[in-house]
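Before any comments, here is the structure.
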Amino acid sequence: MRQSQAFLHTLRDDPSDAEVVSHRLLARAGFIQKLAAGVYSYAPAMTRVLQRVSQIVREEMNRAGAQEVLLPILQPKEIWEESGRWERYQKGGQLFSLTDHKGAEMCLVPTAEEAVTTLVKRSIASYRQLPVNLYQIHTKFRDEIRPRFGLMRGREFIMKDAYSFDADEAGLRESYAKMRVAYQRIFERCGLKFTIVQADAGAIGGSTTEEFMVNADTGEDTILVCDGCNYAANVEKAESKLPAGETGGEPKPMHLEATPGDKSCEQLSKRFSLAVSRMIKTVLFRAVYAEREETVAVLMRGDLDVNEVKVANALGALAVDLADDVRVRAATGAEPGFAGPVGIKPGVKVLGDLSIQGMTNFLCGANKTDYHLLDVNFGRDVAMPEVRDLRKSKGGEGCPKCASGKLGETRGIEVGHIFQLGTKYSKAMSALFADDQQVQKPFVMGCYGIGVSRVAAAAVEQNHDKDGIVWPAPIAPWQVHVICVNPEDASQREAAERCERELEAAGFDVLHDDRVKVSPGVKFKDADLVGLPVRVVAGRDAKDGVVELKVRRTGAMAKVKLDAVTAEVKARLGA
RNA sequence: CGGGGCGUGGCUCAGCUUGGCUAGAGCGCAGCGUUCGGGACGCUGAGGUCGGAGGUUCAAAUCCUCUCGCCCCGACCA
């Protein structure tokens with residue numbers, strides 16, 4: 001490709017609205033352009049990257065036995081009501097819905113369980129036709145509460161979604177295992193460093209589920225990884241050994257103490273010279289269910305934090321969020337900051353974290369403004385609530401799986417997510433097949449997503465330097481950047497053209513900067529920004545049949561005879 | 001949803017407080033010339049309903065109201 005002809009327009013300045021590196025560099029290098037919040041146009045260079053990622057995805061999905069389809073992204077409300085997701089997703093405010101000219105409601109879909117289940121149930125009637133795994137690479141829509149970080153959290157994005165249908169759980173586990181392997185191969189082939197973590201199923205549903213996280217400090221997800229074994233989990237899901245707290249000793253009489261203005265454990269710790277782990281904080285939530293809401297009080301040892309996802313799962317709620325002041329006052333009869341289990345209003349559901357077991361003589365809120373209770377004891381002063389693991393694990397805590405490992409806390413970008421769905425959708429949508437006894441059974445499903453556009457952004461997050469992008473070779477828009485320093489010099493022009501011709505003949509995608517009257521500095525700066533893995537510079541040595549070869553990532557530079565260019569480029573690309 | 005900020009050529013921004021001549025700069029773009037290995041220089045030039053609507057005024061980019069869009073922060077761990 002001749003750069004003089006290419007639709008590739010770099011920007012001299014950083015776009016003012018770009019916050020994260022990938023957004024800034026992709027916009028500046030002319031790969032993407034914003035059209036609306038969370039909605040981007042992909043220029044040719046970006047399209048090439050997406051095609052490369054897609055091609056890798058396609059090859060590995062096909063290798064794993066999946067078959068490609070294209071499902072509608074504009075879908076009728078009916079099938080979403082069948083699965084029960086219409087109301088839930090609309091309530092969550094993340095579903096783009098619209099009304100057609102005759103008043104029928106439709107939506108732009110975030111995932112395609114309904115459509116694929118419909119497709120399969122009308123086609124497959126027998127266990128003998130199973131298993132099947134169908135996938136597509138298609139645009140998806142989510143009306144994000146707050147789109148941000150460029151391609152990282154867009155409202156429109158490209159996703160590969162796959163759906164497996166098996167006759168039983170064992171088949172599902174097999175399909176899932178195949179996908180897991182395929183995903184590992186995909187991200188390895190994309191040249192990304194990633195971690196597989198246990199995850200929470202969230203709105204999609206299902207049991208076993210793992211996420212593929214690209215390691216990046218700017219990631220939106222926090223992950224905990226054991227340094228001693230292979231345990232790794234998203235913080236939403238992570239467990240850990242309970243850190244030791246101070247013991248309270250033999251029960252003493254409970255007493256009420258004035259604590260004007262002390263709303264935090266730290267303030268109380270100071271006032272009473274009491275370890276924070278001797279306190280129980282009572283965190284009030286609003287739990288939302290399909291048909292109702294309730295107030296829930298979670299009792300947590302003072303030095304630990306509540307994991308809201310675990311609370312929602314323990315309750316079977318659609319969502320939980322922190323109670324607002326009105327709800328807090330209704331539940332406690334006091335201003336926020338003084339909630340406690342003793343004397344909390346009836347109707348408030350109380351749940352305890354495992355950490356409160358065995359605590360004695362603890363401090364907690366008195367449900368009375370400016371008062372706390374000291375030396376409170378379960379059984380005597382207040383009933384022991386049902387306890388569950390509701391704690392948010394943190395880096396530095398002990399691994400839940402092995403004896404001596406410690407959890408490290410890092411961040412990641414979720415680029416893939418695989419689920420063992422089970423029969424949630426097939427049951428709801430009456431997607432049935434006959435088994436060998438002619439018994440009608442629901443398909444056992446799995447679903448598997450990869451954020452294709454997010455993979456490209458994550459690759460930039462993970463691979464860049466101060467000068468620009470450093471594309472991993474397998475997903476670079478072109479592998480080689482031939483730069484003709486001065487095309488008006490015949491020897492330079494001929495050398496560059498020869499390199500382009502021979503490299504393309506050898507199967508490489510080449511971008512040839514043949515622009516006339518563009519200064520060398522501009523060409524080099526642009527090349528750094530665009531970030532192709534190998535650069536071939538035809539410059540002042542061209543008259544002697546010599547060009548320079550430079551590796552973008554390392555900066556390593558070598559002078560190479562024209563005859564050897566193809567071989568040398570091959571060596572550097574590992575091809 | 002709450003709070004804050006911003007909308008002025010393709011991009012980055014100044015001008016607005018205190019209303020007043022043909023609305024500015026840099027970059028980019030076009031032409032000419034000089035340059036030619038890390039975002040060169042000179043000259044000439046094109047390009048703007050100042051987000052939109054309404055209002056105040058002799059006069060509005062500037063003041064007021066409404067509206068649309070975009071960005072950031074937050075959603076209170078008691």
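Quantities reported herein were computed from a predicted structural model and do not represent experimental measurements. Throughout, protein chains are lettered first and strands after them, A, B, ... in sequence-line order, and every chain is numbered starting at 1.
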Measuring to OP1 and OP2 of [N], would you say a side-chain N or O of [X] lies under 4.0 angstrom away?
X: K34(A); N: C71(B); result: yes
X: K281(A); N: A78(B); result: yes
X: S519(A); N: C36(B); result: no

Taking the same atom, [atom1], in [N] and in [M], what whole-Å distance lies between them?
N: G52(B); M: G37(B); atom1: P; answer: 46 Å
N: G10(B); M: C29(B); atom1: P; answer: 15 Å
N: C41(B); M: C1(B); atom1: P; answer: 49 Å
N: G26(B); M: A14(B); atom1: C1'; answer: 11 Å
N: U12(B); M: C70(B); atom1: P; answer: 15 Å
N: U8(B); M: G15(B); atom1: P; answer: 14 Å
N: U67(B); M: A30(B); atom1: C1'; answer: 39 Å
N: U65(B); M: G24(B); atom1: P; answer: 29 Å

> Is there a side-chain contact between R572(A) and P533(A), using heavy atoms and a 4.5 Å cut-off?
Replying inline: no
Given [options], identify the nucleotide with an atom nearest to the side chain of [X].
X: K392(A); options: A78(B), C70(B), C77(B); value: C77(B)
X: D305(A); options: C77(B), G39(B), G37(B); value: C77(B)
X: R28(A); options: A78(B), G39(B), G38(B); value: G39(B)

Could you check whether [X] gets within reach of a base, just the sugar-phosphate, or nothing at all, counting any heavy atom under 4.0 Å?
X: V328(A); answer: base
X: G365(A); answer: nothing
X: L529(A); answer: base
X: D489(A); answer: nothing
X: R535(A); answer: base
X: L284(A); answer: base

Watson-Crick or G-U counterpart of [N], or none if no pair lies under 3.5 Å:
N: G42(B); answer: C32(B)
N: U65(B); answer: A53(B)
N: G74(B); answer: C1(B)
N: G24(B); answer: C13(B)

Nearest whole angstrom, please: distance from the [atom2] of [N] to the [atom1] of [X].
X: E144(A); N: C1(B); atom1: CD; atom2: P; result: 16 Å
X: K310(A); N: C77(B); atom1: NZ; atom2: C1'; result: 15 Å
X: F524(A); N: C36(B); atom1: CZ; atom2: P; result: 15 Å
X: R515(A); N: G39(B); atom1: CZ; atom2: C1'; result: 11 Å
X: N486(A); N: G37(B); atom1: CG; atom2: P; result: 9 Å
X: R301(A); N: A78(B); atom1: CZ; atom2: C1'; result: 18 Å
X: R493(A); N: C36(B); atom1: CZ; atom2: P; result: 19 Å
X: L373(A); N: A78(B); atom1: CG; atom2: P; result: 17 Å

So, [X] versus [Y]: side-chain donor-acceptor pair below 3.5 Å or not?
X: E246(A); Y: S277(A); result: no
X: N313(A); Y: R388(A); result: no
X: D513(A); Y: H481(A); result: no

> Hey, does the side-chain of K550(A) have a donor or acceptor N/O within less than 3.5 Å of a partner on the base of G38(B)?
Replying inline: yes
> When only distance counts, do a donor and an acceptor, one from the side chain of D526(A) and one from the base of G39(B), lie under 3.5 Å apart?
Replying inline: yes
>> Go nucleotide by nucleotide along RNA chain B from the 5' end; which of F285(A) and G38(A) gets its closest nucleotide reached first?
In response: G38(A)
> Would you say D325(A) has more than 12 foreign heavy atoms packed within less than 6.0 Å of its CG?
Replying inline: yes
>> Around atom OH of Y371(A), are there more than 12 heavy atoms from other residues, nucleotides or ligands closer than 6.0 Å?
In response: no
Atom [atom1] in [X], atom [atom2] in [Y]: separation rounded to 0.5 Å?
X: L532(A); Y: D509(A); atom1: CG; atom2: CG; result: 10.0 Å
X: L374(A); Y: E257(A); atom1: CG; atom2: CD; result: 5.5 Å
X: D262(A); Y: L268(A); atom1: CG; atom2: CG; result: 5.0 Å

> For residues 335-348 of chain A, which residues have at least one heavy atom under 4.0 Å from RNA chain B?
Replying inline: P336(A), G337(A), F338(A), A339(A)
> For Y289(A), is the NZ or CZ atom of R292(A) found under 6.0 angstrom from the centre of its six-membered ring and inside 45 degrees of the ring axis?
Replying inline: yes
> Do E19(A) and R148(A) sit within salt-bridge range, that is, some charged N less than 4.0 Å from a carboxylate O?
Replying inline: no
>> Against K310(A), only a single residue in D353(A), D200(A), D389(A) fulfils side-chain hydrogen bond (donor to acceptor under 3.5 Å, both in side chains); can you say which?
In response: D389(A)
> For F362(A) and R301(A), what are the C-alpha separation, side-chain angles and deciding distance, and is it a side chain to side chain contact (heavy atoms under 4.5 Å, CB included)?
Replying inline: CA-CA 9 Å; F362(A) 58 82; R301(A) 203 174 78 194; over 6 Å; no
> How does protein reach along nucleotides 2-12 of chain B, written 5' to 3' as B (base within reach of a heavy atom under 4.0 Å), S (only sugar-phosphate), or - (no contact)?
Replying inline: ---------BS
